[in-house]
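Computed from heavy atoms alone, side chains included, the values below leave out hydrogens, waters and symmetry copies. None of these values were measured; they are calculated from a predicted model. Residue numbers begin at 1 in each chain, while the letters A, B, ... track the order of the sequences.
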There are 2 protein chains.
Amino acid sequence: MSQSVALQHEPQTHNRARLVAAATESFASRGFHATTTRDISTAAGMSQAALYVHYPSKEDVLYLICRTGLEELLGVMDQARDGIDDAGDRLARIARAFAVWHAQHTALAKVANYELSALTAEHWLVVRDCRHRIERCFRQAIEAGMQQGAFTVVDSHMTTFSIISMGTDIARWYRSDGSWTVDEVADHYAAMVLRLVTDPAGAS
Amino acid sequence: MSQSVALQHEPQTHNRARLVAAATESFASRGFHATTTRDISTAAGMSQAALYVHYPSKEDVLYLICRTGLEELLGVMDQARDGIDDAGDRLARIARAFAVWHAQHTALAKVANYELSALTAEHWLVVRDCRHRIERCFRQAIEAGMQQGAFTVVDSHMTTFSIISMGTDIARWYRSDGSWTVDEVADHYAAMVLRLVTDPAGAS
DNA sequence: GTCTATATCCCGATAGAC
DNA sequence: GTCTATCGGGATATAGAC
């Protein structure tokens, strides 16, 4: 019974997913305002008006992409952190997850980071909260390591900004057909993050 | 004589400068495609059509902003580098100049880094070359230090990307009325850059 | 060089048939 | 839910008076 209901809804969710996927790619490469609803719909194999059956506006599609993307990112960061006691291990694992996600979802990451000025005021508040939680995840890992004496940083906020900048920008320069694998990028990124929180003069 | 000629041209150059300044601010905060030529012209105190007396198109204004901005940045980086022998000092001075410029020209830096997809193909080639020269400046400073044995990095290209990401993103989070002065940001950034190229385990 | 007025085009969103 | 057709608005760029 529930199976037949699911089958009944499949075409709808399938088309919704195609619209979101097409919008993500176009927003990432051309930008939100340079993308037309015709671009999105035709890339998803539908007419222009079909978009409005599934979403009330183009901006709502952007909001959905940003919110679900950042919450997915927060999920992998939380999962990487949980249950790890050592401060260095914990920060390295969070950093690794952060880098992997940005290398694997370059279009989604670009939209969720560089198209936010097109959001409405209310939607921006929600997305900003997601971003603050990501910041907090990194900063708490750094400050925990400082209290344990494992890390030495001048300013945990500025260090957090720098770590996030390095990681999010992976989505702008990483190419899956390039010189590096996702793992190589993630390993190097995690190593650089650890250097940022370690005093070179005071190595143990 | 030449003075009177200069005076004769002053209103023209004055209005051109006002248009570019208004466009830079609007492109930075709202984005190129969300900015109308009316936004630019009226912010500069002129009618909408006046823009086309000075520039052939809105995209040409963007191109001018990006090209002159990046060449100015290259200028301060070259000036910071020249005549410094020690690899650590040289990289730190380049980094410092990079951070100062991004903290002092946040709107210009945002446009020159995040609005490039709106450029025409030909203009993009020129701007891309400026960006490659900036990359090369950092990378050469890093590789020189590696050859001297002062720096240890896994991959000079990826480290260069990370340093540039950290620095350009200053333009997105720095507030001149916030907690830090430009000098504090630049000092911390230069220190983080040096950590990125220094092996914590092998400190001298 | 600056203005007002306008040509030309295209976009987001809606209406209504099927 | 998807389509075709269209409305209403606003964009860039140009024309022509001053």
Side-chain angles (χ1 to χ4, degrees), chain A residues 4-27 29-66 111 115 117-123, chain B residues 4-24 26-27 29-65 111 115 117-123:
Chain A
S4 73
V5 170
L7 284 169
Q8 206 176 341
H9 288 305
E10 252 177 22
Q12 187 183 356
T13 59
H14 176 253
N15 275 351
R16 287 173 68 96
R18 284 186 60 121
L19 284 168
V20 168
T24 303
E25 291 299 324
S26 189
F27 291 167
S29 59
R30 279 174 271 180
F32 174 81
H33 291 291
T35 298
T36 71
T37 52
R38 285 169 181 81
D39 291 335
I40 299 169
S41 302
T42 58
M46 285 179 271
S47 74
Q48 183 257 345
L51 185 144
Y52 292 91
V53 175
H54 300 285
Y55 302 101
S57 73
K58 189 174 77 157
E59 190 272 344
D60 269 277
V61 179
L62 173 66
Y63 173 56
L64 179 71
I65 292 168
C66 293
V111 175
E115 300 299 323
S117 70
L119 291 170
T120 65
E122 283 119 14
H123 288 166
Chain B
S4 73
V5 170
L7 284 170
Q8 207 176 342
H9 287 306
E10 253 177 22
Q12 187 182 356
T13 57
H14 175 252
N15 275 351
R16 286 173 69 96
R18 285 186 58 123
L19 284 167
V20 168
T24 303
S26 190
F27 290 167
S29 59
R30 279 174 270 180
F32 174 81
H33 291 291
T35 298
T36 72
T37 52
R38 281 175 184 79
D39 292 336
I40 300 169
S41 303
T42 57
M46 284 178 273
S47 74
Q48 184 259 342
L51 186 144
Y52 292 91
V53 176
H54 299 286
Y55 301 102
S57 74
K58 187 174 79 155
E59 190 272 343
D60 269 275
V61 179
L62 174 66
Y63 173 56
L64 179 71
I65 291 168
V111 175
E115 299 299 322
S117 71
L119 291 170
T120 65
E122 285 119 13
H123 288 167

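The CG atom of B:Leu64 sits 13.0 Å away from the NE2 atom of B:His54 when rounded to the nearest 0.5 Å. If you take CZ on A:Phe32 and NE2 on B:His33, they are separated by 12.5 Å, rounding to the nearest 0.5 Å. Interatomic distance, CD of A:Glu25 versus CG of A:Asp39, reported as 13.0 Å (0.5 Å rounding).
Here the C1' atom of nucleotide D:dA13 and the NE2 atom of B:His54 are 16 Å apart, to the nearest Å. A:Leu19 places its CG atom 12 Å from the C1' atom of D:dT2, with the value rounded to the nearest Å. Rounded to whole angstrom, the span from the OH atom of A:Tyr55 across to the C1' atom of D:dT2 amounts to 16 Å.
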Criterion side-chain hydrogen bond (donor to acceptor under 3.5 Å, both in side chains) on B:Ser41 and B:Gln48, from CA distance to verdict: CA-CA 5 Å; B:Ser41 303; B:Gln48 184 259 342; over 6 Å; no
I would like to know whether A:Thr42 and A:Arg38 meet side-chain hydrogen bond (donor to acceptor under 3.5 Å, both in side chains); could you show each step before the answer? CA-CA 6 Å; A:Thr42 58; A:Arg38 285 169 181 81; over 6 Å; no
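By the ring-ring contact (aromatic ring centres under 6.0 Å, His included) test, B:Tyr55 is found to be paired with no residue, residues two or more places apart in sequence or in another chain being considered.
Not one side-chain nitrogen or oxygen of B:Asn15 sits closer than 4.0 Å to the OP1 or OP2 atom of C:dG1.
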Can you give one letter per nucleotide of nucleotides 11-18 of chain C, 5' to 3': B if a protein heavy atom sits under 4.0 Å from the base, S if only from the sugar-phosphate, - if neither? SBBB----
